[in-house]
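A note on names: the letters A, B, ... follow the listed sequences, proteins ahead of strands, and every chain is numbered from 1.
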Amino acid sequence: MKDLILAQLQQLVEALQAEGVFPADFSPTLQLDNTKDKAHGDLATNLALAGAKAAGQKPRDLANLLVARLQAQPELGKAVSKMEIAGPGFINFFLAQDALSAIVPRILNEGAQFGLGQQGQGQKVQVEFVSANPTGPLHIGHGRGAAIGDCLCRLLEATGWDVTREFYYNDAGAQINNLALSVQARVKGLGPDDPSWPADGYRGAYIQDVAVAYLAKETITADDQQVTGAADPEDLDAIRRFAVAFLRREQDLDLQAFGVQFDRYFLESSLYAEGRVEETVQRLIQQGYTYEEGGALWLRTTDFGDDKDRVMRKTDGGYTYFVPDVAYHLNKWQRGFTKVINEQGADHHSTITRVRAGLQALGENIPQGWPDYVLHQMVTVMRSGEEVKISKRAGSYVTLRDLIDEVGCDATRFFLAARAATSQLTFDIDLARSQSNENPVYYIQYAHARLCSVARQAEDKGYRWSLAEAEPVLETLVSEQEQQLLKWLARFPETLARAATELEPHQMAQYLRDLAAATHSWYNAQQFLVEDAAVRTARLALAAATRQVLAQGLGLLGVSAPEQM
RNA sequence: GCGCCUAUAGCUCAACCGGAUAGAGCAACGGCCUUCUAAGCCGUAGGUUGCAGGUUCGAGUCCUGCUGGGCGCGCCA
């Protein structure tokens with residue numbers, strides 16, 4: 001519908017260029033917006049306003065010309081019942097009733113394919129998210145990353161991309177060493193308050209769990225590895241391997257409970273083992289962007305917009321973290337991912353410039369803005385009216401598992417994905433628990449469940465219908481609520497496309513609330529199971545289409561669509 | 001001091017590459033269940049979009065300055 005009008009506008013612009021009304025270089029991005037006020041019709045374009053200057057006419061005069069020309073198009077006449085010029089020069093389109101209801105058979109015919117796009121054209125995209133180091137359970141911040149990252153993946157899959165979900169972690173650095181030392185201390189029977197407890201040790205109670213399992217020679221099976229405890233208190237390397245596997249498994253269980261599944265786990269140590277770090281360093285040296293100073297090797301990242309140069313190789317001979325980071329991203333590029341999205345917490349935003357600078361310095365013709373980043377702002381957790389400070393080492397923080405257990409997977413996912421990533425998030429646990437009935441996710445799920453219930457009862461009463469029967473009677477869907485609902489249904493494809501293109505899952509969540517609101521309003525305004533077979537069939541068809549779109553939308557957020565509450 | 005994000009109703013947040021009278025939920029107030037699920041609906045109230053300028057037909061949105069909040073600014077990751 002929208003496409004039809006846009007195509008007509010495009011044709012018109014080209015025709016007017018040929019006639020000399022518009023200059024030949026006039027190429028506006030055609031805008032056809034959903035209106036906020038129904039008095040302004042269904043769709044509106046600002047073409048007369050945007051093109052007034054180019055055409056040398058007053059906006060309203062130009063609008064008159066445009067409308068006259070559009071009215072001469074017979075195809076448009078079928079879809080548009082009325083065009084009006086309003087305000088400073090907007091052209092408002094009022095859609096014909098049968099054009100609106102045509103969305104119902106389209107939805108039901110296309111089924112699960114409805115609204116899906118092909119923008120990705122089957123191209124590969126890699127999305128890296130969560131990427132938590134295995135030094136403790138996942139916390140709420142990781143949860144936000146998991147919710148946003150996974151929803152992004154679902155949106156990209158729905159728009160024709162071949163998505164790889166990847167989780168990168170450091171299994172060999174200083175923090176992992178701290179972890180191993182902490183577990184070793186527990187293995188030897190020490191507690192966090194003991195004077196000889198490691199200075200930077202992890203104090204959380206879960207360290208004790210690791211130690212007990214290690215001594216019991218448990219075999220740990222994580223998604224990407226399997227390790228058996230050696231039970232030897234002196235074998236720090238064995239403790240380290242065991243602890244990493246143990247905490248990886250814990251994270252995997254949390255992610256599984258959260259409905260997130262990765263295609264690949266990427267170990268930082270593999271970059272060293274396969275010589276990729278060393279290779280990256282050598283290439284950077286060859287490219288001439290490095291220099292030695294103060295016993296360290298530096299990369300001239302200031303050549304690529306950084307505010308200071310960065311150390312690559314420390315005086316102790318080890319590499320700083322950003323070198324394997326660059327090696328990892330080179331590897332992504334070499335694997336053929338021309339599109340890569342990194343979803344991370346905003347506290348790591350300084351790595352963006354560094355990684356991109358390193359990639360530029362490699363001279364591989366990697367595009368300057370590659371890879372894409374989606375940064376989410378910090379999550380503040382409130383419990384009992386107080387802010388809970390997140391501190392891994394102190395061991396006091398809210399885990400993702402806590403949230404899933406207390407609030408539920410659906411509500412947690414929705415809550416964490418429903419807000420723009422750029423916005424800071426306050427998660428009040430008491431509120432989420434005590435008022436869970438008023439959580440927006442239930443509002444949407446309830447709309448879905450209600451429509452399922454209607455379908456069940458129609459079935460019980462023998463009110464059968466088919467799409468073929470429904471199509472001729474859809475013109476009976478004339479009430480205010482039905483018209484409104486039809487419009488919202490028609491917006492699903494464009495909402496999906498926008499959310500995917502702009503990497504903003506919250507747009508889908510926002511849309512679903514609006515769609516659910518339109519559903520509830522309709523539900524309360526009219527009966528479905530009425531005597532009049534034509535009206536009943538039309539309404540049942542609309543209900544089925546709405547139910548389907550609600551389920552599709554919830555699926556894109558990774559939230560379930562229950563058939564009853 | 002520098003960089004990134006941010007400031008919208010009492011609270012939590014939206015607002016479609018600049019569009020018409022800035023919208024939802026929660027909280028408040030008033031209505032609606034002998035009818036398909038009241039986890040719902042309908043209505044009322046609530047705003048100088050942090051402040052001051054600028055750009056233009058038009059600014060919550062873009063630019064400049066200021067103020068407040070968050071996060072970074074390591075030879076940690």
Below 4.0 angstrom, which residues in [range] have at least one non-hydrogen atom near RNA chain B?
{"range": "residues 307-317 of chain A", "value": "A:K308, A:V311, A:K314, A:T315"}
{"range": "residues 498-505 of chain A", "value": "A:R498"}
{"range": "residues 43-61 of chain A", "value": "A:A44, A:N46, A:L49, A:K53"}

Close N or O pairs between protein and nucleotides 6-12 of chain B (under 3.5 Å):
{"residue": "B:U12", "atom": "O2'", "partner": "A:R419", "partner atom": "NH2", "Å": "2.7"}

### Query
Could a donor-acceptor pair under 3.5 angstrom be found where the side chain of A:H348 meets the base of B:A77?
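Yes, a donor-acceptor pair under 3.5 Å.
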
### Task
Please evaluate the base of B:A39 for a donor-acceptor partner in the side chain of A:Y442 within a cut-off of under 3.5 Å?
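No.
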
Taking only distance into account, with no hydrogens and no angle test, what donor-acceptor pairs under 3.5 Å do side-chain atoms of residues 43-52 of chain A form with protein atoms, sequence neighbours excluded?
{"residue": "A:T45", "atom": "OG1", "partner": "A:Q31", "partner atom": "O", "Å": "2.7"}
{"residue": "A:T45", "atom": "OG1", "partner": "A:L47", "partner atom": "N", "Å": "3.2"}
{"residue": "A:N46", "atom": "ND2", "partner": "A:Q31", "partner atom": "OE1", "Å": "3.4"}

### Message
Could you check whether A:Y443 and A:H520 have their ring centres less than 6.0 Å apart?
### Response
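Yes - the distance between ring centres of A:H520 and A:Y443 falls below the 6.0 Å cut-off.
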
### Task
Would you give a per-nucleotide map of nucleotides 31-38 of chain B, 5' to 3', where B means the base has a protein non-hydrogen atom under 4.0 Å away, S means only the sugar-phosphate does, and - means neither?
----BBBS

Distance-only donor-acceptor pairs under 3.5 Å for side chains of residues 418-427 of chain A, two or more places apart:
{"residue": "A:R419", "atom": "NH1", "partner": "A:F415", "partner atom": "O", "Å": "3.4"}

### Query
Excluding sequence neighbours, so at least two apart, what forms side-chain contact (heavy atoms from CB on, under 4.5 Å) with A:A86?
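Once residues adjacent in sequence are excluded, the partners of A:A86 under the side-chain contact (heavy atoms from CB on, under 4.5 Å) criterion are A:N92.
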
### Message
Under the rule for ring-ring contact (aromatic ring centres under 6.0 Å, His included), what residues qualify as partners of A:F129, not counting sequence neighbours?
### Response
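Checked A:F129 against ring-ring contact (aromatic ring centres under 6.0 Å, His included); matches are A:F262.
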
## Note on the structure
Symbol by symbol from the 5' end, with Watson-Crick or G-U pairs under 3.5 Å, [ ] crossing and | another strand, RNA chain B is (((((((..((((.....[...)))).(((((.......))))).....(((((..]....))))))))))))....

### Message
Using the side chain to side chain donor-acceptor pair (under 3.5 Å) criterion, which residues pair with A:R547? Sequence neighbours excluded.
### Response
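Side chain to side chain donor-acceptor pair (under 3.5 Å) list for A:R547, sorted by chain: A:H448.
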
### Task
Could you list the residues that satisfy side chain to side chain donor-acceptor pair (under 3.5 Å) with A:H506, not counting sequence neighbours?
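Once residues adjacent in sequence are excluded, A:H506 has no partner under the side chain to side chain donor-acceptor pair (under 3.5 Å) criterion.
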
### Query
Do we see A:Y443 stacking on the base of B:G25, given a limit of 5.5 Å between centres and 30° between planes?
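Ring-base stacking flag not set for A:Y443 and B:G25.
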
### Message
I'd like to know if A:K332 and A:E128 make a salt bridge, using a cut-off of under 4.0 Å between side-chain N and carboxylate O.
### Response
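Salt bridge: yes.
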
